[in-house]
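The residues of the chain are indexed from 1 along the displayed sequence.
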Amino acid sequence: MTKQPIFFFFFTLFSVLSLAAAEIKTPRITSDSRAMILFERFGFTHTGHAAITVSSVSVVSTLSAPDPSRLGFFLLSQESLIQVLLELQQNPSFCVLDSKYINLLFTFRDLSPPPNSSYSHSYPITFPNEYSLFFANCVPESKVSMDVRTELYNLDDQGRVKDYLSAGLTQIPTLYFLFSVIYFGFLGFWVYICCTNKNSVHRIHLLMAGLLVMKALNLICAAEDKHYVKVSGTAHGWDVLFYIFQFIRVVLLFTVIILIGTGWSFLKPFLQEREKKLLMTVIPLQVLANVASVVIGETGPFIKDWVTWNQVFLIVDIICCCAIIFPIVWSIRSLRETSKTDGKAARNLAKLTLFRQFYIVVIGYLYFTRIVVFALRTIAAYKYQWVSSAAEEIANLAFYMTMFYMFMPVEKNQYFVLDEEDEEAAEMALRDEEFEL
């Protein structure tokens, strides 16, 4: 059966990907021949409901009369995934709609007669769990067109108020709001530091202040966006502002790291040609990554190119993360060479130590946010998906605070104000280092 490899790939991929939200979706499926279509993944409580509406359904097949019971919607839990894969492996012609491990909602046999060909029903969730909503097409060489409306939600304890966020994400609006308050406070403190030490403020410090502004606005918009999704199932336009501030914030973050890594503004007033080329490479890549993020956020896994966009976003993000390491390495190498000739051993050693520490901080930040956070999202129970978001924001805050502390504008910076004893000790340290190298 040609659909089996597709099914294996599909299930393997989405078993590790974390779907971010559960809004009310109204996708249009047009002449789609895929064996499986994933619509949503949602964490249900004991008061959960899945409301599915399909209309304007049409099936084009090489068969004169395709069996409508071979097309339908079902829910599948993560625990049952392996069992379904085993069934498919044992029987290549097996239709997933016949599996005893799925929660079958309805098939096209339940549709109203043409020309309406529609169906609408709300299903209470008997067993609380995280489920994925799928459409299955077991009719060979057939194409399906339909309008779909999905509404997945949990009710409060009184059974009146709907919560459209997954059980593990319902705390996210409060989490983002609290972090936005922290960043606004951080911004106020940074402005105070800059005003207190005006003579030591460089252009890079103003850019860092802009980064804090964008981060705080990004979080407040994310909190509002998730709040409106939680209570109404739609974003009410807050998602547009979120994507705008997210785009500016990410581009600013990578730009600030690169400029600090090259020593721009506070060590040298200009950028070399290779550093300019790096900026001109990373910024467009970040634009591409953010466009991919918008496509993923505004559509959903039901589109045919959803997997491709995910892969593009992942590859671009990895490339950018690797690229921002180079300017720090260049600065370390340049300082090591300069320390041998300019007679300011102590100052050069201090700068060298500073950039080495910054290098370690950046590496640790990238490792945690790209690997550890992903692992948390993968292994955490569906009720605790908010933990990975909290861990990511804590890592972001820790990185920002460390970076801003290391390069804060103060008149007597510990790295640049040194006495004669420090100079002599530094010369000895540099000679020892050169000997070791």
Compare every heavy atom of Ser31 with every heavy atom of Ser145, then report the nearest pair and how far apart it is.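 Closest heavy-atom pair between Ser145 and Ser31: OG-N, 2.8 Å.
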
In short, Tyr153 meets Ser122 closest at the heavy-atom pair OH-OG, 3.9 Å

Would the distance check show the side chain of [X] and the main-chain N or O of [Y] forming a donor-acceptor pair, the cut-off being under 3.5 Å?
{"X": "Ser80", "Y": "Leu76", "value": "no"}
{"X": "Ser388", "Y": "Gln385", "value": "yes"}
{"X": "Asp225", "Y": "Cys221", "value": "no"}
{"X": "Asp156", "Y": "Gly159", "value": "yes"}
{"X": "Ser166", "Y": "Gly43", "value": "yes"}

Does [X] reach the side chain of [Y], with side-chain heavy atoms less than 4.5 Å apart?
{"X": "Leu81", "Y": "Tyr101", "result": "no"}
{"X": "Ile363", "Y": "Val361", "result": "no"}
{"X": "Arg249", "Y": "Leu253", "result": "yes"}
{"X": "Ile260", "Y": "Phe358", "result": "yes"}
{"X": "Glu40", "Y": "Leu75", "result": "no"}
{"X": "Phe404", "Y": "Pro409", "result": "no"}
{"X": "Leu104", "Y": "Leu97", "result": "yes"}
{"X": "Leu133", "Y": "Leu38", "result": "no"}

With rounding to the nearest 0.5 angstrom, report the [atom1] to [atom2] distance, [X] to [Y].
{"X": "Ile37", "Y": "Phe134", "atom1": "CD1", "atom2": "CZ", "value": "11.0 Å"}
{"X": "Gln246", "Y": "Leu217", "atom1": "CD", "atom2": "CG", "value": "12.5 Å"}
{"X": "Thr255", "Y": "Leu278", "atom1": "OG1", "atom2": "CG", "value": "10.0 Å"}
{"X": "Thr262", "Y": "Ile324", "atom1": "OG1", "atom2": "CD1", "value": "12.5 Å"}
{"X": "Ile325", "Y": "Leu366", "atom1": "CD1", "atom2": "CG", "value": "5.5 Å"}
{"X": "Ile193", "Y": "Phe189", "atom1": "CD1", "atom2": "CZ", "value": "4.0 Å"}

Candidate list Thr126, Asn129, Leu152, test side chain to side chain contact (heavy atoms under 4.5 Å, CB included), partner Phe44, passing option: Leu152

Thr47: what forms a side-chain hydrogen bond (donor to acceptor under 3.5 Å, both in side chains) with it, not counting sequence neighbours? Thr45

Just jot down the side-chain contact (heavy atoms from CB on, under 4.5 Å) partners of Pro284, sequence neighbours excluded, or say none. none

Test side-chain contact (heavy atoms from CB on, under 4.5 Å) applied to Met36 and Val96, step by step: CA-CA 9 Å; Met36 305 292 299; Val96 67; 4.0 Å; yes

Taking it one step at a time, do Phe245 and Leu219 satisfy side-chain contact (heavy atoms from CB on, under 4.5 Å)? CA-CA 9 Å; Phe245 291 129; Leu219 282 170; over 6 Å; no

Quick one: is the NZ or CZ of Lys230 closer than 6.0 Å to the six-membered ring centre of Tyr164, and within 45° of its axis? no

For His205 and His202, take the angle between the two ring planes, folded into 0 to 90°, and tell me which bin it lands in: parallel under 30, tilted 30 to 60, perpendicular over 60.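 Correct class here is tilted.
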
Among Phe73, Phe74, Phe135, exactly one meets ring pair (Phe, Tyr, Trp, His ring centres under 6.0 Å) together with Phe39. Which residue is that?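 When ring pair (Phe, Tyr, Trp, His ring centres under 6.0 Å) is applied between Phe39 and each of Phe73, Phe74, Phe135, only Phe73 qualifies.
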
So, do Phe184 and Phe186 have ring centers that fall under 6.0 Å from each other?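 No, ring centres 6.0 Å or more apart.
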
Looking only at the aromatic ring of each residue, does the gap between the centers of Phe42 and Tyr382 stay below 6.0 angstrom? no

Has [X] got more than 12 heavy atoms of other residues, nucleotides or ligands less than 6.0 Å from its [atom1]?
{"X": "Phe106", "atom1": "CZ", "result": "yes"}
{"X": "Trp190", "atom1": "CH2", "result": "yes"}
{"X": "Tyr123", "atom1": "OH", "result": "yes"}

Donor-acceptor pairs under 3.5 angstrom involving side-chain atoms of residues 391-398: please list them, not counting sequence neighbours.
unit_1: Glu392; atom_1: OE1; unit_2: Arg377; atom_2: NH2; d: 2.7
unit_1: Glu393; atom_1: OE1; unit_2: Lys215; atom_2: NZ; d: 3.2
unit_1: Asn396; atom_1: OD1; unit_2: Tyr365; atom_2: OH; d: 2.7
unit_1: Asn396; atom_1: ND2; unit_2: Glu392; atom_2: O; d: 3.2

Does the distance from a Lys or Arg side-chain N to an Asp or Glu carboxylate O, for Glu151 and Lys25, drop under 4.0 Å? no

Do Lys143 and Asp32 sit within salt-bridge range, that is, some charged N less than 4.0 Å from a carboxylate O?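 Salt bridge: no.
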
Ignoring hydrogens and geometry beyond distance, is a side-chain donor-acceptor pair present between Glu87 and Ser99 at under 3.5 Å?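 The criterion, which ignores hydrogens and geometry beyond distance, is satisfied for Ser99 and Glu87.
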
Step by step, would you call Asp317 with Arg370 a side-chain contact (heavy atoms from CB on, under 4.5 Å)? CA-CA 9 Å; Asp317 187 54; Arg370 267 64 182 179; 3.0 Å; yes

Is there a side-chain contact (heavy atoms from CB on, under 4.5 Å) between Ile172 and Ser389? Walk through the geometry before answering. CA-CA 8 Å; Ile172 288 294; Ser389 297; 3.6 Å; yes

